[in-house]
2 protein chains.
Amino acid sequence: MQPDQRSESPAESLSEGRLGDVSFLAKALADENRLRLLLALRDGQQSVSQLVESMGLSQPLVSHHLRELKRTLLVEVERRGAFIFYRLSRPEVLDLLRALDGLAGMLLAARKNF
Amino acid sequence: MQPDQRSESPAESLSEGRLGDVSFLAKALADENRLRLLLALRDGQQSVSQLVESMGLSQPLVSHHLRELKRTLLVEVERRGAFIFYRLSRPEVLDLLRALDGLAGMLLAARKNF
DNA sequence: TCAGCATATAAACATATATTTATATTTAGT
DNA sequence: ACTAAATATAAATATATGTTTATATGCTGA
């Protein structure tokens with residue numbers, strides 16, 4: 001028996017039980033600004049001020065979305081001096097974004113727009 | 001060069017460009033009732049009345065969510081007589097649900113709750 | 001301890017989304 | 001053509017969510 005190539009094994013395949021968690025997670029990914037934040041953390045941690053700078057959003061708004069991402073466990077926080085750094089909690093977060101992007105592209109390929 | 005094992009190849013890897021589409025798709029998956037509907041269509045098409053029956057939701061609510069799923073291209077519709085049948089537009093939709101479920105489980109495994 | 005920067009939090013507001021209730025549309029059968 | 005069933009649509013309502021504005025908290029260096 002060959003080992004599972006994927007980094008993650010589905011255990012039991014998708015029951016009604018955890019749909020609450022799934023929708024909770026999907027909600028966190030349902031905002032474009034939050035997606036941009038996750039993408040900005042692709043190559044490593046960033047301080048809030050760096051994120052504010054690169055995203056062109058107000059500081060409170062960035063903080064608010066980061067808190068949401070933390071609540072969903074998608075990011076982790078570490079204080080270093082006066083700065084606070086955020087990073088993706090797991091690399092698999094990006095895999096999921098790619099999967100979403102892939103499906104969106106696939107669906108749009110058939111029709112032209114959503 | 002070996003063929004790609006996955007059913008879908010990421011083409012270019014996740015740019016800022018399509019985040020609008022991605023968030024649009026994620027929004028559709030961010031409601032528990034819609035997730036339950038998609039799951040109910042796992043094994044093939046179902047009429048609206050069947051879905052109303054099995055989900056225990058009001059008929060207008062089911063219709064409303066189905067329309068939303070159709071708008072997102074996640075389901076397709078076919079009228080047959082007085083009945084209207086909905087089905088998943090692509091099997092990959094289920095793959096994505098599994099991926100979401102997998103990540104949710106992974107994140108929760110580290111901490112206890114969201 | 002004070003001043004200034006970095007970040008968070010709270011309040012106020014606007015907008016979007018889910019749900020219910022009521023009604024319209026479409027189809028099949030008679 | 002009428003009726004009943006299946007589904008969709010619209011209006012009304014409630015709730016949630018994103019954004020802005022204002023203020024508070026925490027850290028650092030003088």
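The chains referred to below are lettered A, B, ... by the order of the sequence lines, with proteins before strands, and numbering in each begins at 1.
Judged as a side-chain contact (heavy atoms from CB on, under 4.5 Å), and not counting sequence neighbours, the contacts of Arg79(B) are Ile84(B). Annotation: salt bridge (Lys or Arg N to Asp or Glu O under 4.0 Å) contacts of Arg87(B) (sequence neighbours excluded): Glu76(B), Glu78(B). Legend: residues meeting salt bridge (Lys or Arg N to Asp or Glu O under 4.0 Å) with Glu16(A), ordered by chain and number and at least two apart, are Arg36(B). Checked against salt bridge (Lys or Arg N to Asp or Glu O under 4.0 Å), Glu32(B) has no partners two or more places apart in sequence or in another chain.
Test Leu88(B), Leu96(B), Leu25(B) against Leu74(B) for side-chain contact (heavy atoms from CB on, under 4.5 Å) and you get one pass: Leu25(B).
Rounded to an integer number of Å, the gap from CZ of Arg36(A) to P of dG18(D) is 15 Å. Distance CG (Leu51(A)) to C1' (dA8(C)): 15 Å, rounded to an integer number of Å. At whole-Å resolution of the value, CZ in Arg71(B) and C1' in dA16(C) are 11 Å apart. Across the protein-nucleic acid pair, Glu78(A) atom CD and dC27(D) atom P stand 14 Å apart, rounded to whole Å. Taking atom CG of Leu37(A) as the reference point, atom P of dG18(D) lies 12 Å away to the nearest angstrom.
Heavy atoms of Arg34(A) sit under 4.0 angstrom from primed sugar atoms or phosphate atoms, though from no base atom.
At dT19(C), one or more side-chain N or O atoms of His65(B) fall inside 4.0 Å of OP1 or OP2 (strictly under the cut-off).
Mapping Leu57(A) and Gly81(A) onto DNA chain D via the closest heavy atom, the residue that lands nearer the 5' end is Leu57(A). Positionally, the nearest nucleotide of DNA chain D for Asp31(A) lies more toward the 5' end than for the other of Arg80(A) and Asp31(A).
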Restricting to nitrogen or oxygen on both sides, can you table the protein-nucleotides 6-9 of chain D pairs closer than 3.5 Å?
from: dT7(D); atom 1: OP1; to: Val48(B); atom 2: N; distance (Å): 3.4
from: dT7(D); atom 1: OP1; to: Ile84(B); atom 2: N; distance (Å): 3.2
from: dT7(D); atom 1: OP2; to: Ser49(B); atom 2: N; distance (Å): 2.6
from: dT7(D); atom 1: OP2; to: Ser49(B); atom 2: OG; distance (Å): 2.7
from: dA8(D); atom 1: OP1; to: Tyr86(B); atom 2: OH; distance (Å): 2.6
from: dA8(D); atom 1: OP2; to: Ser63(B); atom 2: OG; distance (Å): 2.4
from: dA8(D); atom 1: N7; to: Gln59(B); atom 2: NE2; distance (Å): 2.7
from: dA8(D); atom 1: N6; to: Gln59(B); atom 2: OE1; distance (Å): 3.3

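Screening residues 46-59 of chain B for side-chain hydrogen bond (donor to acceptor under 3.5 Å, both in side chains), with sequence neighbours left out, gives Ser47(B)-Ser49(B), Ser47(B)-Gln50(B), Gln59(B)-Ser63(B).
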